[in-house]
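Beneath this line is the structure, given in structure tokens, with notes to follow.
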Amino acid sequence: MCGRYVIYDRLTQGNVVLLGHDIPTNFNVAPTTEIPIIRRGADHTQELYTARWGLIPNWAKDLKIPPFFNARADKLVGNKVFWPCIQQRCLIPMAGFYEWDQTSKQPYFIQVSDEALFYTAGLWNRWCAPDGQQLDSATIITTDPNDTLADIHHRMPVIVDAEYRDTWLDAEFTTAHSLLKPYTRPMHKYPVNSKHVNNVRNNSIQCLEIMHNR
DNA sequence: CCAGACGTTGTT
DNA sequence: GTCTGG
DNA sequence: CCAGACGTTGTT
DNA sequence: GTCTGG
């Protein structure tokens, strides 16, 4: 799954610069907060938007619904929450994400080995509140784990390689859906300190420190 | 995802 | 336990 | 037809 | 909204 992640440029050790935007570093991005997403703009170029992490369906009366921050790739077809948004695809940039070992609760930081920044597959929606306010929200699609993740968790976010980002955003569903598989290129993980990572209020670089002497 | 609050009364 | 907040 | 649920996790 | 259950 993917319930916490990192926005950071580890090459410049600073903010992420993307599509003309300067995105603030955040070492502890959590559901219900604002996240940057990439989607097709009106002129069909890729544009950076901001959305609430946790998709809000059109029928929601308020924001007090369960946080739909992940969507299972294998259950998209006909899904009452996500299927109506299947044409509203987006990419969610990140430097890495956290995963908690299912049994030990030890958190790990997981990265793509040869990419400082990578992109997960998502869907977004524009929700109209009863008072007329609009809110864009998004969810991250999950799939089975690859070898890097398998020993700690049974889900992982779908990562879209550079050559398929346009396909995810533009292709008809059958083609786009074929991209929703476990990531095959090299990834690596290392344990991090739960004292820092577990609490969303801690979003310093300490979250990325390797935890020794477990 | 994890952390933290969760209630009523009356008073400020 | 269960819900809300981040 | 109307009513009611609609999700992901993990856990049992 | 849209699907399932009754």
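Every value quoted in this text rests on a predicted model; they were computed, and no experiment measured them. Residue numbers start from 1 in every chain, and the chains themselves are labelled A, B, ... in the order their sequence lines are given, proteins ahead of strands.
Within the 4.0 angstrom heavy-atom criterion, no nucleotide atom of any strand lies near A:Asn28. The residue A:Tyr98 sits apart from the nucleic acid: no heavy atom pair falls under 4.0 Å. Among the heavy atoms of the strands lying under 4.0 Å from A:Gln102 are primed sugar atoms or P, OP1, OP2 only; no base atom is included. Using a 4.0 Å heavy-atom distance criterion, A:Pro84 is classed as making no nucleic acid contact. Contacts of A:Asn70 with the nucleic acid, taken as non-hydrogen atoms under 4.0 Å apart, involve only primed sugar atoms and P, OP1 or OP2. Within the 4.0 angstrom heavy-atom criterion, base atoms lie near A:Trp59. Using a 4.0 Å heavy-atom distance criterion, A:Thr142 is classed as a sugar-phosphate-only contact.
Following rounding to the nearest Å, A:His196 (NE2) and B:dC1 (C1') show an atom-to-atom distance of 18 Å. In this structure, A:Ile56 places its CD1 atom 16 Å from P of D:dC6, rounding to the nearest Å. Rounded to an integer number of Å, the gap from A:Asp144 CG to D:dT8 C1' is 14 Å. We find that CZ of A:Phe97 is positioned 13 Å from P of D:dT9, with the value rounded to whole Å. In this structure, CG of A:Asn199 is placed 8 Å from C1' of B:dC2, rounded to the nearest angstrom.
Secondary-structure stems of DNA chain B, taken as three or more successive Watson-Crick or G-U wobble pairs (i with j, i+1 with j-1) under a 3.5 Å distance threshold, comprise B:1-6 with C:1-6.
Comment: A:Asp170 engages A:Arg40 in a salt bridge, judged by a side-chain N to carboxylate O separation of less than 4.0 angstrom.
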Between protein and nucleic acid, restricted to nucleotides 4-6 of chain C and to nitrogen or oxygen atoms under 3.5 Å apart, what atom pairs and distances do you find?
| residue | atom | partner | partner atom | Å |
| --- | --- | --- | --- | --- |
| C:dG6 | N7 | A:Pro31 | O | 3.3 |
| C:dG6 | N7 | A:Thr32 | OG1 | 2.4 |

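Through direct or relayed side-chain contacts under 4.5 Å between Ile, Leu, Val, Met, Phe, Trp and Tyr, A:Trp100 connects to A:Val6, A:Tyr8, A:Phe27, A:Tyr98, A:Phe109, A:Tyr190, A:Val192, A:Val197, A:Ile205, A:Leu208, A:Ile210.
Distances shorter than 4.0 Å separate some side-chain N or O of A:Arg155 from OP1 or OP2 on D:dT9.
By the rule that hydrophobic residues join a cluster once side-chain heavy atoms approach within less than 4.5 Å of another member, A:Val77 and A:Phe82 end up as members of one cluster.
Within the cation-pi definition used here (under 6.0 Å to the ring centroid, within 45° of the axis), A:Arg39 qualifies as a partner of A:Trp124.
The distance from the OH atom of A:Tyr183 to the CD1 atom of A:Ile110 is 14.0 Å, given to the nearest 0.5 Å.
D:dG4 and B:dA5 have their P atoms separated by 36 Å, with the value rounded to a whole Å. Taking atom P in both D:dG7 and E:dT4, the straight-line distance is 11 Å, to the nearest Å. A gap of 31 Å separates the P atoms of D:dA3 and C:dG5, to the nearest Å.
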